[in-house]
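What follows is a set of notes on a single structure, which appears directly below.
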Amino acid sequence: YNFFVTYARLDGWEPEQAGFDPDMPEGPTPASDNLLDRWVLARINAVAEAVRVALENSDAYTATLAVDGFIDDLTNWFIRRSRRRFWKSEHDADKTTAYATLYHVLVKLIKVLSPLTPFVTETMYQNLVCEVQPEAHPSVHHCLWPLTDQAAIDDELVAQMDLARQVASLGLGARSLVNIKVRQPLAKALVYAGERQVALLPELMDIVMDELNVKTVEFVQDEGALVSYRIVADGRALGPRFGKNFPAVRAALEAVPASQVVTQVKENEPVVLTVAGEEIELLPEEIIIDSEPAEGLSVQSDKGITVAIDSVITPELEAEGLVRD
């Protein structure tokens with residue numbers, strides 16, 4: 001909100017006056033070709049619907065979780081990735097659309113938040129709406145609950161953006177493991193997406209490359225190209241439990257694909273084995289996982305996604321990093 005108000009005042013931007021509806025001061029969903037705009041508009045509509053359902057069922061906790069996740073998305077992804085659109089000097093269509101999108105989202109958000117945080121949302125409403133719309137209701141609490149624009153909800157785009165953000169987060173973690181600052185360009189990032197095996201949209205690939213400061217991002221089909229795992233049954237925990245059958249348990253665990261065991265352990269799920277015709281469960285804390293990244297790579301993984309950063313810095317990359325520094 002502070003970001004929007006600061007730059008809207010500097011640029012003298014104001015929302016559209018024509019067709020203003022005091023019950024729906026956020027106006028219709030803005031049209032935009034920008035992927036980030038379409039994503040955040042999809043998110044706010046999905047959140048408005050989720051909060052409506054939760055509050056109708058007197059479930060303020062679920063409503064709060066939905067809003068909390070969205071505020072993180074809005075602040076730490078949409079605003080951060082869109083800052084240059086607001087900062088640039090020329091008042092082109094892209095800048096105007098960025099303002100219209102953020103204004104729509106903020107007004108819709110304060111209406112969603114108003115039953116939960118009535119005073120701060122009232123202050124924001126007075127500034128965002130009443131100050132620029134003479135026909136506005138005198139209070140946010142006089143407005144109707146925001147309508148959900150089903151046409152704006154795009155589950156596929158949201159899933160793609162979630163994957164892009166996870167890849168970026170894991171890639172930055174992989175950089176940190178080898179103490180390579182983000183200003184230093186690197187050759188590539190390699191991504192294993194597990195069962196999803198989806199490729200990101202070209203615009204999202206560009207965002208990930210920019211976030212990680214790499215020349216290319218490649219999706220691989222085999223996690224073994226990035227990291228090798230050694231799975232060991234914890235003898236201290238399982239020895240007393242299974243006694244003389246422990247060697248058979250250990251052999252059964254070794255027969256399971258390492259990647260499958262790693263995924264289940266990271267998701268805190270038990271690993272089911274068949275030993276002597278009987279099914280047994282090994283808890284995640286009863287399994288030891290040793291990992292070894294492939295040569296020249298730094299690897300991070302979480303929730304079935306593995307990202308490797310090529311940590312080899314050539315003289316050309318080093319020179320480019322020096323220029324950026």
Review point. Between the main-chain N or O of P257 and the side-chain N or O of Q260, is there a donor-acceptor pair closer than 3.5 Å?
Key: no
Check your understanding: When you look at CD of E135, are more than 12 heavy atoms from neighbouring residues, nucleotides or ligands closer to it than 6.0 Å?
Key -> no
Practice item. Flag yes if V323 and V182 sit in one hydrophobic cluster, no otherwise; membership is Ile, Leu, Val, Met, Phe, Trp, Tyr, and two members link when side-chain heavy atoms are under 4.5 Å apart. Key: no
Point to revise | Candidate pair R81 and E211, rule salt bridge (Lys or Arg N to Asp or Glu O under 4.0 Å), full reasoning | key: CA-CA 9 Å; R81 291 296 318 172; E211 282 284 304; 2.9 Å; yes
Point to revise | Stepwise side chain to side chain contact (heavy atoms under 4.5 Å, CB included) check, L170 with I305 | key: CA-CA 8 Å; L170 291 173; I305 305 294; 3.9 Å; yes
Review point. Atom CG of D73 and atom CG of N76: how far apart are they, to the nearest 0.5 Å?
Key: 8.5 Å
**Study point:** Spacing of CE belonging to M124 relative to CG belonging to N2, to within rounding of 0.5 Å
**Key:** 10.0 Å
Check your understanding: Considering only heavy atoms from C-beta outward, does the side chain of Y1 approach that of I110 to under 4.5 Å?
Key -> no
Review point. Are L282 and V261 close enough, and set up right, to give a side chain to side chain contact (heavy atoms under 4.5 Å, CB included), and what steps lead you there?
Key: CA-CA 10 Å; L282 302 188; V261 176; over 6 Å; no
Point to revise | Atom of A248, atom of V275 and distance for their closest heavy-atom approach | key: CB-CG1, 3.8 Å
Exercise for review: Start with the C-alpha gap between L128 and Q133, add the side-chain angles, then the distance that decides, and say whether side chain to side chain contact (heavy atoms under 4.5 Å, CB included) holds.
Suggested key: CA-CA 9 Å; L128 289 177; Q133 300 285 12; over 6 Å; no
Check your understanding: Within a strict 4.5 Å, meaning less than it, do heavy atoms of the K111 and Y125 side chains meet?
Key -> no
Review point. Just by distance, do the side chain of Q17 and the backbone of V132 share a donor-acceptor pair under 3.5 Å?
Key: yes
Review point. Got T121 and L109 here, is their nearest side-chain heavy-atom distance under 4.5 Å?
Key: no
Review point. Do W39 and V158 touch side chain to side chain, with heavy atoms closer than 4.5 Å?
Key: yes
Exercise for review: Please confirm whether the backbone N or O of L172 pairs with a side-chain atom of S176, one donor and one acceptor, at under 3.5 Å?
Suggested key: yes
Point to revise | Centroid-centroid under 6.0 Å between W13 and Y7 rings | key: no
Check your understanding: Does D325 reach the main-chain N or O of G321 with its side chain, forming a donor-acceptor pair under 3.5 Å?
Key -> no
Point to revise | Side-chain (S228) to main-chain (E292) donor-acceptor, under 3.5 angstrom | key: yes
Review point. More than 12 non-hydrogen atoms from neighbouring residues, nucleotides or ligands closer than 6.0 Å to CD on E278, yes or no?
Key: no
Exercise for review: Report the distance from atom CG of L201 to atom CG of L157, rounding to the nearest 0.5 Å.
Suggested key: 7.0 Å
Point to revise | Criterion salt bridge (Lys or Arg N to Asp or Glu O under 4.0 Å) on D37 and R85, from CA distance to verdict | key: CA-CA 11 Å; D37 290 347; R85 301 170 67 198; 2.8 Å; yes
Point to revise | side chain to side chain donor-acceptor pair (under 3.5 Å) between T29 and D149, worked out | key: CA-CA 7 Å; T29 302; D149 185 352; 2.7 Å; yes
Review point. Do V307 and L190 touch side chain to side chain, with heavy atoms closer than 4.5 Å?
Key: no
Check your understanding: Is there a donor-acceptor pair closer than 3.5 Å between any side-chain N or O of R230 and the backbone N or O of I289?
Key -> no
Exercise for review: Please report the C-alpha distance between D33 and R38 in whole Å, then the side-chain angles of each, then the deciding distance to 0.1 Å, and finally whether the salt bridge (Lys or Arg N to Asp or Glu O under 4.0 Å) criterion is met.
Suggested key: CA-CA 7 Å; D33 294 329; R38 301 207 315 267; 5.6 Å; no
**Study point:** Spacing of OG1 belonging to T263 relative to CG belonging to D302, to within rounding of 0.5 Å
**Key:** 10.5 Å
Practice item. Flag the pair K188 / K215 as yes when at least one side-chain heavy-atom distance between them is below 4.5 Å, and no otherwise. Key: no
Practice item. Tell me, yes or no, whether the heavy-atom count around E295 atom CD, taken from other residues, nucleotides or ligands under 6.0 Å, exceeds 12. Key: no
Check your understanding: Okay, side chain of T123, backbone of F119: is any donor-acceptor separation there less than 3.5 Å?
Key -> yes
Check your understanding: Checking K108 side chain against Y103 main chain: does a donor-acceptor pair fall under 3.5 Å?
Key -> no
**Study point:** Derivation of the side chain to side chain contact (heavy atoms under 4.5 Å, CB included) call for Y192 and F219
**Key:** CA-CA 6 Å; Y192 171 74; F219 280 74; over 6 Å; no
Exercise for review: Enter the distance from D310:CG to L317:CG here, rounded to the nearest 0.5 Å.
Suggested key: 8.5 Å
Point to revise | For N213 against R324, the heavy-atom pair lying closest together | key: OD1-NH1, 2.9 Å
Point to revise | Exceeds 12 heavy-atom contacts within 6.0 angstrom, atom CD of Q126 | key: yes
Exercise for review: Could you tell me whether the side chain of I313 reaches within less than 4.5 Å of the side chain of Q184, counting heavy atoms only?
Suggested key: yes
**Study point:** Nearest non-hydrogen partners of Q264 and V271, listed with the distance
**Key:** NE2-CA, 4.0 Å
Check your understanding: So if you build clusters from Ile, Leu, Val, Met, Phe, Trp, Tyr with side-chain heavy-atom gaps below 4.5 Å, do L36 and W87 land together?
Key -> yes
Point to revise | Worked check of salt bridge (Lys or Arg N to Asp or Glu O under 4.0 Å) between R84 and D94 | key: CA-CA 11 Å; R84 290 188 179 92; D94 181 58; over 6 Å; no
Check your understanding: So which heavy atom on L273 is nearest to which on A252, and how close?
Key -> CD2-O, 3.9 Å
Review point. Hey, quick one: are I71 and V120 part of the same hydrophobic cluster, counting side-chain heavy atoms closer than 4.5 Å, chains of contacts allowed?
Key: yes
Exercise for review: Examine the side chains of Y229 and E223 and answer whether a donor and an acceptor come within less than 3.5 Å of each other.
Suggested key: yes
Point to revise | F86 ring center near F3 ring center (under 6.0 Å) | key: yes
Check your understanding: Taking atom CG of L212 and atom OG of S169, what is their separation to the nearest 0.5 Å?
Key -> 9.5 Å
**Study point:** W145 to M24 - nearest heavy-atom pair and separation
**Key:** O-CE, 3.2 Å
Check your understanding: Under 6.0 Å from the CD atom of E279, do we count more than 12 heavy atoms belonging to anything else shown?
Key -> no
Review point. Mind checking whether L186 and L322 sit in one hydrophobic cluster, side chains of I, L, V, M, F, W, Y counted as touching below 4.5 Å?
Key: no
**Study point:** Between S139 and E122, a side-chain donor and acceptor under 3.5 Å
**Key:** yes
Check your understanding: Does S32 reach the main-chain N or O of N34 with its side chain, forming a donor-acceptor pair under 3.5 Å?
Key -> yes
Exercise for review: Give the cluster check for L147 versus V67: same hydrophobic cluster or not, with ILVMFWY residues linked at side-chain heavy-atom distances below 4.5 Å.
Suggested key: no
Practice item. Mark yes or no for whether S298, through its side chain, and S311, through its backbone, hold a donor-acceptor pair below 3.5 Å. Key: no
Point to revise | Side-chain heavy-atom pair L106, E26 within 4.5 angstrom cut-off | key: no
Point to revise | Nearest atoms (heavy-atom pairs only) where F246 meets G235 | key: CZ-CA, 3.7 Å
